[in-house]
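To start, the structure itself, in structure tokens.
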Amino acid sequence: MLCLAYQYGEDPDHNDEFGSGSLLSERCFHKALAALVLDEEAMKDSAETVSLVQAYLLVQVCAMMYLCGDNSSHGLKAHSKMISLARDGGLMGPTPAESSPAKDLDSLWRSFAIAESRKRTLFAAHQIDTLLYQFLSIPRQLSHLEIKHELPCPEGYWTASSAVEWAHQQLVSERAGSSLRYPEAIRRFISSDAPDLSTIPAFDAYGAVNITHFLVSSAQEISGWCTMTGMLSIERLEPLRSSLLALSPFIRASPNSKEAMSSKLCEGSWEAAMIDVQMWSPSHTGGIVGKSMDAVLHQLTYLAPTCEFLCESRTAKVIQPHVDWFLSYLDTTPVPDSEAPWITVYAYKAFMIAWKLVSGGALGSMRIVGIQDGDLEGALAWARTVFGRRQRRQIGRIILTCLDTLTL
């Protein structure tokens with residue numbers, strides 16, 4: 001946790017000097033790698049497996065999304081280790097029910113929290129697994145069919161501060177009842193049966209992100225298949241697009257939600273998926289396998305869709321609302337300290353599409369943020385401003401370097 005924490009703060013032993021936090025973060029990261037080996041050797045029971053899986057998850061996120069560069073290789077190794085531990089430690093399904101039921105409300109609440117933490121740990125591992133596939137074309141190591149868990153519980157259950165509040169949340173729930181297992185939820189969304197969706201028990205948008213990742217990964221698999229065979233398979237893509245549209249209400253945060261940045265994470269993942277299902281990814285059609293986010297960001301810069309493709313097809317019109325979402329998000333987030341790094345990558349991809357549209361003379365491409373049609377200089381200056389707010393972290397600095405290569 002310190003690996004990530006000091007990406008957001010400075011080293012107090014160096015008088016909080018700017019940049020000292022990143023250096024301390026990297027030192028913590030290498031100490032964590034060494035400590036994990038010892039912890040794994042000393043592991044005694046399945047309860048410790050959850051902590052180890054969480055630790056490997058945090059370490060790989062730090063390596064891949066914050067340190068980047070050569071440290072990414074450590075992240076890829078940590079990823080494989082995380083999936084292996086999760087599978088061997090039995091995290092793919094819920095813990096067996098205890099023989100003796102809990103005797104009081106506090107015990108029930110604690111049992112719920114342990115089981116939900118186990119579930120959400122696996123869903124987080126699944127999200128990272130699909131992200132590596134989407135960004136780097138690294139084959140997925142975790143199949144959705146392996147996940148025997150129900151979808152994450154509603155946000156109110158998970159964030160309850162006491163056993164009484166937890167119990168009350170369930171009593172007043174509008175759609176109380178048994179939850180739905182993840183593979184079954186995917187089947188229900190792909191079937192696009194609206195009445196069927198209305199009966200789905202309430203679940204956290206955190207689980208909807210996993211469904212989103214499954215759908216967009218499936219679309220990318222189809223894009224690769226189409227490229228290899230030379231056969232365009234619209235009949236395979238259309239159900240995925242329809243499923244993403246059906247998922248939209250489950251992604252949006254409720255008006256009373258206090259988790260603003262958490263909701264942006266969910267919405268951003270869905271908006272990025274809606275862009276991806278409309279366009280082939282160069283990673284999946286050109287045989288590109290990346291080793292780091294550095295390579296991904298440079299690829300987004302040099303292999304963005306051509307303005308001819310975007311402007312001479314209905315694609316631009318279809319994806320414009322989703323591009324606009326990211327442009328507005330970048331414009332209205334002056335202090336992005338709680339932003340997940342992959343949302344930054346999604347946003348840069350959206351900007352590159354907008355940049356190509358502005359270059360091609362498309363109307364209204366960046367009007368939502370005040371950039372007039374054809375104003376390449378204004379578009380680039382705007383991008384340097386919004387991504388400059390993110391230069392504290394490595395992904396932000398890489399993006400600024402990529403922006404310097406764009407020609408007016």
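Computed from a predicted structure; not experimentally measured. All values below come from the heavy atoms of this structure, side chains included, with hydrogens, waters and symmetry mates left out.
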Heavy atoms of Arg393 and Asp337 approach each other most closely as NH2-CA, 3.8 Å

message: Would the distance check show the side chain of Ser243 and the main-chain N or O of Phe189 forming a donor-acceptor pair, the cut-off being under 3.5 Å?
response: yes

Requested in this report: Please confirm whether the backbone N or O of Val369 pairs with a side-chain atom of Asp331, one donor and one acceptor, at under 3.5 Å?
Outcome: no

Test Phe123 against Val209 for side-chain contact (heavy atoms from CB on, under 4.5 Å), laying out the working first. CA-CA 9 Å; Phe123 276 115; Val209 172; over 6 Å; no

Scanning both residues in full, the closest heavy-atom pair of Tyr206 with Ala124 reads OH-CB, 3.2 Å

Answer yes if the ring centres of Phe112 and Tyr157 are under 6.0 angstrom apart, and no otherwise.
-> no

Under the side-chain contact (heavy atoms from CB on, under 4.5 Å) criterion, do Ile114 and Val50 qualify, and how do the steps go?
CA-CA 10 Å; Ile114 291 171; Val50 177; over 6 Å; no

Donor-acceptor pair, distance only, cut-off 3.5 Å: does the side chain of Ser25 make one with the backbone of Cys3? yes

Checking Ser191 side chain against Arg188 main chain: does a donor-acceptor pair fall under 3.5 Å?
-> yes

Practice task
State, with a plain yes or no, whether a side-chain heavy atom of Arg140 is found less than 4.5 Å away from one of Ser217.
Solution key: yes

| message | For a 4.5 angstrom cut-off between non-hydrogen side-chain atoms, does Ile138 reach His79? | response | no

Treating Thr121 as the side-chain partner and Ser117 as the backbone partner, does any N or O pair qualify as donor plus acceptor under 3.5 Å? yes

To the nearest 0.5 Å, atom CG of Leu403 lies from atom OG1 of Thr301 at 7.0 Å

To the nearest 0.5 Å, atom CD1 of Ile398 lies from atom OG1 of Thr344 at 11.0 Å

Check your understanding: Has Asp70 got more than 12 heavy atoms of other residues, nucleotides or ligands less than 6.0 Å from its CG?
Key -> no

Task: Lys/Arg N to Asp/Glu carboxylate O, Lys349 vs Asp276, below 4.0 Å - done: yes

Taking every heavy atom of Leu357 against every heavy atom of Ala316, the minimum-distance pair comes out as CD2-CB, 3.7 Å

When rounded to the nearest 0.5 Å, the distance separating CD1 of Ile275 from CD1 of Ile353 is 5.0 Å

Between the CD1 atom in Ile395 and the CD atom in Gln7, the distance rounded to the nearest 0.5 Å is 10.0 Å

Taken in chain and number order and not counting sequence neighbours, the residues that satisfy side chain to side chain contact (heavy atoms under 4.5 Å, CB included) with Met1 are Leu58

- Hey, does Glu165 have a side-chain heavy atom less than 4.5 Å from the side chain of Thr159? no

So CD of Gln391 and CD1 of Ile399: to nearest 0.5 Å the spacing works out to 11.5 Å

Taking Glu271 first and then Lys264, would you say they form a salt bridge - that is, a charged N and a carboxylate O separated by under 4.0 Å? no

Q. Can you tell me if Arg181 uses its side chain to pair, donor with acceptor, with the backbone of Leu151 under 3.5 Å?
A. no

_Derivation of the side-chain contact (heavy atoms from CB on, under 4.5 Å) call for Glu17 and Asn15_ = CA-CA 5 Å; Glu17 179 184 348; Asn15 299 317; 5.6 Å; no

Check: Without hydrogens or angle criteria, can the side chains of Arg389 and Thr333 be said to hold a donor-acceptor pair below 3.5 Å?
Finding: no

**Message:** Contact between Met366 and Trp355 at the side-chain level, heavy atoms closer than 4.5 Å - yes or no?
**Reply:** no

Quiz item: For Gly93, does its backbone N or O pair with a side-chain atom of Arg118 as donor and acceptor, under 3.5 Å?
Solution: yes

| query | Between Asp129 and Gln141, is there a donor-acceptor pair closer than 3.5 Å when you use the side chain of the first and the backbone of the second? | reply | yes

Interatomic distance, NE2@His322 vs CG@Leu327, rounded to 0.5 Å, equals 13.0 Å

Margin query: With heavy-atom distances below 4.5 Å as the criterion, would you say the side chains of Asp88 and Thr49 are in contact?
Written below: no

Tested for side chain to side chain contact (heavy atoms under 4.5 Å, CB included) against Tyr182, the lone hit among Glu150, Arg187, Lys119, His144 is His144

Side chain proximity check, Thr130 to Phe214, heavy atoms < 4.5 angstrom | no

Do Glu26 and Leu67 come within less than 4.5 Å of each other through their side chains, counting heavy atoms only?
yes

Open item on the list: A side-chain contact here means heavy atoms from C-beta on lying under 4.5 Å apart; do Phe18 and Arg392 qualify?
Closed with: yes

Tell me which donor-acceptor pairs under 3.5 Å the side chains of residues 27-42 have, and how far apart each pair is, sequence neighbours excluded?
from: Glu40; atom 1: OE1; to: Tyr56; atom 2: OH; distance (Å): 3.0
from: Glu40; atom 1: OE2; to: Lys81; atom 2: NZ; distance (Å): 3.2

| field | Working for side-chain contact (heavy atoms from CB on, under 4.5 Å), residues Asn210 and Gln127 | value | CA-CA 6 Å; Asn210 288 81; Gln127 287 184 24; 2.9 Å; yes

| request: Verify side chain to side chain donor-acceptor pair (under 3.5 Å) between Tyr8 and Tyr66, making sure each step is shown before the conclusion. | output: CA-CA 11 Å; Tyr8 293 86; Tyr66 289 89; 2.5 Å; yes

Q) Between Arg384 and Asp404, is there a salt bridge with N-O shorter than 4.0 Å? A) yes

Heavy-atom nearest pair, Cys153 first then Asp204, reads O-CB, 3.0 Å

- Message: Taking the ring centre of each residue, are Trp325 and Tyr329 less than 6.0 Å apart?
- Response: yes

Closest heavy-atom pair, Gln134 versus His213, reported as atoms and distance to 0.1 Å, is NE2-ND1, 3.0 Å

Exactly one candidate in Met64, Met65, Arg390 meets side chain to side chain contact (heavy atoms under 4.5 Å, CB included) with Pro341; the answer is Met65

Looking only at heavy atoms, the pair that brings Ser269 and Tyr346 closest together is CA-CE1, 4.0 Å

